[in-house]
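Note that the structure is predicted; figures quoted are calculated from it, not measured.
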Amino acid sequence: MQLVWFRNDLRIQDHSALYFAQQNGPCMAVVILSPDQWKLHQDATIKIDFYLRQLAELKKSLCGLNIPLHIQTVPLWQDIPAALKQLCQRFQIKTIHCNIENGWNEKQRDLSVATQVSKMDCQFEQYTDRTIFPLHTIRNKSNQPYQVFSAFKKNCIEQLNICVPQALPAIEAQQMVFNNEKIDNLIPSLQQLGFEAIPAEKQQLWPVGEQVALDHLMHFIDSNLVQYDQTRDFPAIEGTSQLSVYLNIGILSIRQCLEALFNAQQGHFYIENSGQQFWLNELLWREFYQHVMADFSHVSKHLPFKRNTENISWLQDDEALNAWKYGQTGIPIVDAGMRQMLATGWMHNRVRMICAMFLAKNLLIDWRKGEAWFMQQLVDGDFAANNGGWQWSASTGTDSVPYFRVFNPTSQSQKFDAQGDYIRRWVPELASCDAKQIHEPYAYITDSNLDYPLPIIDLKMSRQRAIATFKMGNAK
Ligand SMILES: Cc1cc2nc3c(=O)[nH]c(=O)nc-3n(C[C@H](O)[C@H](O)[C@H](O)COP(=O)(O)OP(=O)(O)OC[C@H]3O[C@@H](n4cnc5c(N)ncnc54)[C@H](O)[C@@H]3O)c2cc1C
């Protein structure tokens, strides 16, 4: 019997481990839930809820293929090797198949499973699936990993010019191997796992299912892709795909995205349209951060990529941190973004950058506090992308923004939310402000009884303070 171990890849289409396991004989599947580990990793409850809802879909899909799914709960990843060993003994598993996960803890977990099961003559096979290219294969001329995105991208595009990885063929239903009654396949509720329930209206924002994800992808490709380069930076409009949530728990594969992108131009690689070029760029940013995490393990250990930035003197200011967390800073675009994330579990990319830079530069609060808060709130929380985004914004990362470049949130707001529609949506206290006032209400309205906080910081002073502090920190 072959065992497919599903983790952050809850789908049956274009699933490398499932596809190759089936070539080797009859399969069963396992999902191991680890609530205490999720808490340690700061996973958002809304993300866990999304995962459990998709798990119910996976269970149905596997049932249609006659593949029994065993679902087990253990507290921590350190408990997984023993759980899998027992399962392998019980069902005489010959090989465990799973897709590679590249975080540091994930690698330790998998290493430990491989060691345990090898003692009982069970193989452990891992496949590239989450990334376009196998980890540790995109190298510069000196055979070193890239630290700059543009060079990494160039190399990826050269490889894509030779061959675009294709989605795998659909798999067929197998003969029934045994009755589902032999296994545990009940999905525990969020509450049974120790988390608070998510209100139905929040769940409805993120429908699950492979077909839902594929329809969403095709809708984006047909309706938004061509003008993506012009619309992607404006948070008031739906200019981006919102596919991150499906990519992150693997309801959708990166190969399916590439296939849809290249089919949109009749399979040709040369991308004439800049919307398509820009979208490929974003998929490659995702790829870049995953390769960075695999090649530079210190970023998974709460350390900055640039080690010299460890000397920056961050401020301890819990009042400001809380104002930021709950969208009460008095800087409308920041408050709108933070409130969008609290209300929906998602935030627009441009606003993620503005909010992150505001915390790390203007408030001079350690970016790791912001990184953790984002993980605790985001339905698309992904360690590599979140860490990469935070280190970019805080100028501590690989190929990050230079330390002296500090976004002015007001100018960003005037540029990317010119009419103030995004702010009005998430900060209703400012609904009566016109398009000029809304970006910095207290510059225009002095005698009002606006129920909105005064700015918690002076942007000009804090910008200069950030530059001076970073300069000193870097120089140490
Ligand atoms: C501070 C900060 C934190 C972030 N945290 C996360 C996170 O936890 N999870 C996450 O998936 N993304 C994160 N991002 C990246 C980006 O904001 C989201 O991927 C994007 O907003 C998702 O929206 P979309 O699917 O509409 O993207 P699109 O614009 O349609 O892009 C397509 C896909 O490309 C990938 N992508 C796009 N931009 C980036 C990027 N800058 N870095 C890495 N991948 C990217 C995503 O998978 C996305 O779904 C973060 C960015 C910043 C600045």
Side-chain angles (χ1 to χ4, degrees), residues 233-236 304 309 312-344 346-378 385-397 400-418 420 422-427 429-430 438-443 452-471 473:
D233 270 323
F234 300 93
T309 61
I312 290 167
S313 309
W314 304 106
L315 297 180
Q316 285 292 341
D317 187 344
D318 288 347
E319 209 177 310
L321 178 62
N322 276 331
W324 176 83
K325 280 182 174 176
Y326 296 101
Q328 298 293 336
T329 65
I331 310 291
I333 190 75
V334 172
D335 293 341
M338 299 306 289
R339 294 188 200 183
Q340 179 185 23
M341 182 168 68
L342 288 172
T344 68
W346 191 85
M347 196 198 296
H348 187 278
N349 180 58
R350 168 62 47 184
V351 192
R352 289 189 205 206
M353 293 192 287
I354 298 170
C355 291
M357 207 180 284
F358 178 75
L359 184 83
K361 302 269 176 79
N362 297 92
L363 297 182
L364 214 54
I365 290 178
D366 192 333
W367 57 273
R368 284 161 283 217
K369 295 189 179 165
E371 182 197 19
W373 182 247
F374 268 36
M375 271 317 269
Q376 288 161 28
Q377 307 304 324
L378 285 172
N386 193 41
N387 182 274
W390 270 96
Q391 296 224 42
W392 183 91
S393 309
S395 303
T396 61
S400 52
V401 67
Y403 74 88
F404 47 80
R405 195 168 158 222
V406 182
F407 282 180
N408 179 321
T410 308
S411 335
Q412 290 280 316
S413 178
Q414 285 158 341
K415 189 166 172 195
F416 297 112
D417 187 32
Y422 176 74
I423 295 175
R424 243 172 246 114
R425 173 153 186 221
W426 297 109
V427 189
E429 304 95 290
L430 300 179
I438 199 156
H439 308 286
E440 43 177 351
Y442 291 113
Y452 182 67
L454 286 163
I456 60 168
I457 194 115
D458 177 77
L459 294 177
K460 200 170 161 201
M461 172 287 289
S462 56
R463 176 180 182 277
Q464 284 162 354
R465 181 181 67 179
I467 294 173
T469 309
F470 271 72
K471 203 170 171 181

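- Here the side chains of Val351 and Phe416 are not in contact, with every heavy-atom distance at 4.5 Å or above.
- Counting heavy atoms from C-beta outward, Ser413 and Glu440 have side chains that stay 4.5 Å or more apart.
- For Asp366 against Leu359, the heavy-atom pair with the smallest separation is O-CD2, 4.2 Å.
- Shortest non-hydrogen contact noted between Pro332 and Val427 is O-CG2, 4.0 Å.
- Taking CZ from Arg368 and CH2 from Trp314, the interatomic distance works out to 7.5 Å, rounded to the nearest 0.5 Å.
- Contact between Leu364 and Ala466 at its shortest, heavy atoms only, is CD1-CA, 4.1 Å.
- Annotation: side chain of Leu363 is not in contact with side chain of Asp317 (no heavy-atom distance under 4.5 Å).
- Proximity of Ser395 to Thr309: side-chain heavy atoms (C-beta onward) are nowhere separated by under 4.5 Å.
- Here CG of Leu378 is found 7.0 Å from CE of Met347. Values are rounded to the nearest 0.5 Å.
- Between the Asn362 side chain and the Ser462 main chain, no donor and acceptor come within less than 3.5 Å of each other.
- Residues Gly337 and Tyr422 come closest through the heavy atom pair CA-OH, 3.3 Å.
- Residue Gln412 holds its CD atom at 13.0 Å from CD1 of Ile331, rounded to the nearest 0.5 Å.
- Note: Tyr326 and Trp373 have perpendicular aromatic rings, judged against thresholds of 30 and 60 degrees for the angle between ring planes.
- Here the CD atom belonging to Gln328 is positioned 6.5 Å from the CG atom belonging to Asp335, to the nearest 0.5 angstrom.
- When all heavy atoms of Phe374 and Asn386 are compared, the pair lying nearest together is CB-OD1, 3.6 Å.
- The minimum heavy-atom distance linking Val401 with Ser393 is given by the pair CG1-O, 3.9 Å.
- The aromatic rings of Tyr403 and Phe470 lie parallel to each other, with less than 30° between the two planes, well short of the 60° mark.
- In this structure, the separation between CZ on Arg405 and NZ on Lys361 is 9.0 Å, given to the nearest 0.5 Å.
- With rounding to the nearest 0.5 angstrom, the CG atom of Asn387 is 10.0 Å from the CE atom of Met375.
- Sparse packing is recorded around CZ of Arg425, with 12 or fewer heavy atoms of other residues, nucleotides or ligands lying under 6.0 Å away.
- Relative to the six-membered ring of Trp390, Arg352 misses at least one condition, a distance below 6.0 Å or an angle of at most 45° to the axis.
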- [ ] Start with the C-alpha distance between Arg424 and Trp426, add both sets of side-chain angles, then the distance that settles side chain to side chain contact (heavy atoms under 4.5 Å, CB included), and finish with yes or no.
- [x] CA-CA 6 Å; Arg424 243 172 246 114; Trp426 297 109; over 6 Å; no
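- In terms of modelled atom types and a separation under 3.5 Å, the side chain of His439 and the main chain of Ala418 share a donor-acceptor contact.
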